[in-house]
Amino acid sequence: MRATVQNSICKRDTSLRALLEAINERPAGIAFIVDDANKLCGVMTDGDLRRLLLDGRDLGDSLRDVRLGDYVFAKLGEDIEHILSKLSSKVRIVPLVNDRGEVVDYFRYDQRLHVPVAMPDLGGNELRYVTDAVLSTWISSTGKYIDRFEQDFAAFCECLHGVTTSNGTVALHLALAALGVGPGDEVIVPDFTFAATANAVLHAGATPVIVDVEAESWCIDPAAVRDALSERTKAIIPVHIYGQPCDMDAIMDIAARNNLYVIEDAAEAHGARYKGRRVGTIGDIGCFSFYGNKVVTTGEGGMCVTNSDEHNASMRLLRDHGMSKDKRYWHEKIGFNYRMTNLQAALGCAQMERIDEILAFRQTVENRYRELLEPLGIVHLQRGDLPGRDKIVWLVSGTVVDGRRDELMRAMKDKGIDVRQTFYSLSDMDVYKQYAFSNKTSKMIAASGLSFPTHKDVDFDKLSAVLANL
Ligand SMILES: Cc1ncc(COP(=O)(O)O)c(C=O)c1O
């Protein structure tokens, strides 16, 4: 038993004064209360003690006279996932007991023990700019950071206009609305994507037509798009999935021949290029997400980019209730409130200062995974060598061979490494089934896809140890 555990154990007949001393002096900052048979019967923190004193108890009172409240504990050797599930904002320490109920150790929450899949990198001017926005009192959707973020992001995308939105889902909806896509129209979307792509189409009142993806890129398959065309098709939403650019020449060719709009869902692909052009700028409008796990984050947030002055103006109008720019409270269209706040944009500006560094770092993380995983032959990471497609790294992702995904996930999770299965195939879910057109390859990818932690706290030594034991 660790000395700190021994020192944190208090008998039931301890005085509150002795308990206070125990809590004060022990590194665990908590006391484990045991009965006469040394069996755990409660835990006390300094907060519990403070409450007792405020309730009129005296430091001379015995703990035996106090009713001990509910507490959590775990059995020694219990699965780490179970133990983690017992933690909360209040419970950061879990006593571990043996078969006789005696405390023999404890588990203390340490962020480094639980390696999440994604973690925002806020190490630059983020705090400074947000503080500046707060101090300026410009905390709503007007302010210098909004304009700056729109300009910085459009410049990064090498295009003319950026229109910030409250999140990536409404960016897609705003784009559809600005292009006049609505009831009676069909919009072709990939089966392998985050549901927001299809939801935005449905919220616009149009019908998604869900089609299969390419095996090599995981992106919408142009041949499947061609098969799904109908006289009602109005638009295609290629999704640059997990940072991988779609085959945009083929998509744009289909769109041109059939007079269709192309809205690129680039939510996961900030900075990726297709034949030298930034994704998001090849179709009519490109949509990005700045959710907390994205390459650039503003907490929640999104942006539509476009080279069209007309689409830019329509989106700005609709984003702000359809209200005239020149005549306040005069509404030219029935619009939405899809505005981003100056606070979010302040974060975005700080992120844009380091975007190249962030992308380069994510690439080094993926390279490390490749070195580790490729020789094992269990995981095939997403292709990074498709001609003309310069993928970026969002979440390092791959497919696991021979149905071994669950085994790999379990092994990682046992060591506190949070791996995550990729998206389900949309057409597998009851709510989207009716819109399915084709889905053979996407089902295979969805059934075997896995994403790995992609941030600066990934411990590759720990990871290699897990992989070595598979
Ligand atoms: C492919 C895709 N499209 C759309 C979205 C929606 O973005 P948001 O979460 O910012 O609404 C996401 C984000 O999670 C996404 O991954």
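Numbering of ligands and ligand atoms starts at 1, following listing order. Along the sequence shown, the residues carry numbers beginning at 1.
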Legend entry - Element-labelled atoms of ligand 1 that are located less than 4.0 Å from some non-hydrogen atom of V239: 1 (C)
Legend entry - Cationic N near anionic O, under 4.0 Å, E300 to K294: no
Legend entry - atom 3 (N) of ligand 1 [closest protein heavy-atom partner, distance rounded to 0.1 Å]: D265 OD2, 2.8 Å
Inset, instruction - May I ask you to check whether L172 has an N/O atom sitting below 3.5 Å from an N/O atom of ligand 1? - result: no
Inset, instruction - Identify which of E268, H173, K294 has a heavy atom lying nearest to atom 13 (C) of ligand 1. - result: K294
Inset, instruction - Compute the minimum heavy-atom distance from A200 to ligand 1 and say whether it is under 4.0 Å. - result: no
Legend entry - Atom pair OH/SG of Y274 and C219 - distance to nearest 0.5 Å: 11.0 Å
Legend entry - Among E366, Q244, Q363, H240, the one residue meeting side-chain hydrogen bond (donor to acceptor under 3.5 Å, both in side chains) with K391: E366
Legend entry - Polar proximity ligand 1 side, S289 side, N/O cut 3.5 Å exclusive: yes
Legend entry - Where ligand 1 meets G301 - atom numbers and elements under 4.0 angstrom, heavy-atom basis: 10 (O)
Legend entry - Salt-bridge present (R383, D385; N to O < 4.0 Å): yes
Legend entry - For atom 12 (C) of ligand 1, the protein heavy atom that lies nearest, with its residue and separation: F194 CD2, 3.5 Å
Legend entry - Salt-bridge criterion met for D249 and K275 (N-O under 4.0 Å): yes
Inset, instruction - Can you see which heavy atom on M315 is nearest to which on T306, and at what distance? - result: CE-CG2, 3.9 Å
Inset, instruction - State whether the number of non-hydrogen atoms from other residues, nucleotides or ligands found under 6.0 Å of K325 atom NZ is greater than 12. - result: no
Inset, instruction - Have a look at ligand 1 and work out which part of T169, if any, has a heavy atom under 4.0 Å from it: side chain, backbone, both or neither. - result: both
Inset, instruction - Using a strict cut-off of less than 4.0 Å between a Lys/Arg side-chain nitrogen and an Asp/Glu carboxylate oxygen, indicate whether D121 and R354 qualify as a salt bridge. - result: yes
Inset, instruction - Check each atom of ligand 1 against the heavy atoms of G168 and keep those under 4.0 Å away; list them by number with element. - result: 6 (C), 7 (O), 8 (P), 10 (O), 11 (O)
Legend entry - Contacting atoms of ligand 1, where contact means under 4.0 angstrom from a heavy atom of A196: 4 (C), 5 (C), 6 (C)
Inset, instruction - Mark up the atoms of ligand 1 that fall under 4.0 Å of a heavy atom belonging to A267, in ascending order. - result: 2 (C), 3 (N), 4 (C), 5 (C), 12 (C), 15 (C)
Inset, instruction - Give the contacting part of T193 toward ligand 1: side chain, backbone, both or neither, where contact means a heavy-atom distance below 4.0 Å. - result: side chain
Legend entry - Any residue meeting side-chain hydrogen bond (donor to acceptor under 3.5 Å, both in side chains) with N125, in chain and number order, not counting sequence neighbours: R128, Y129, E353
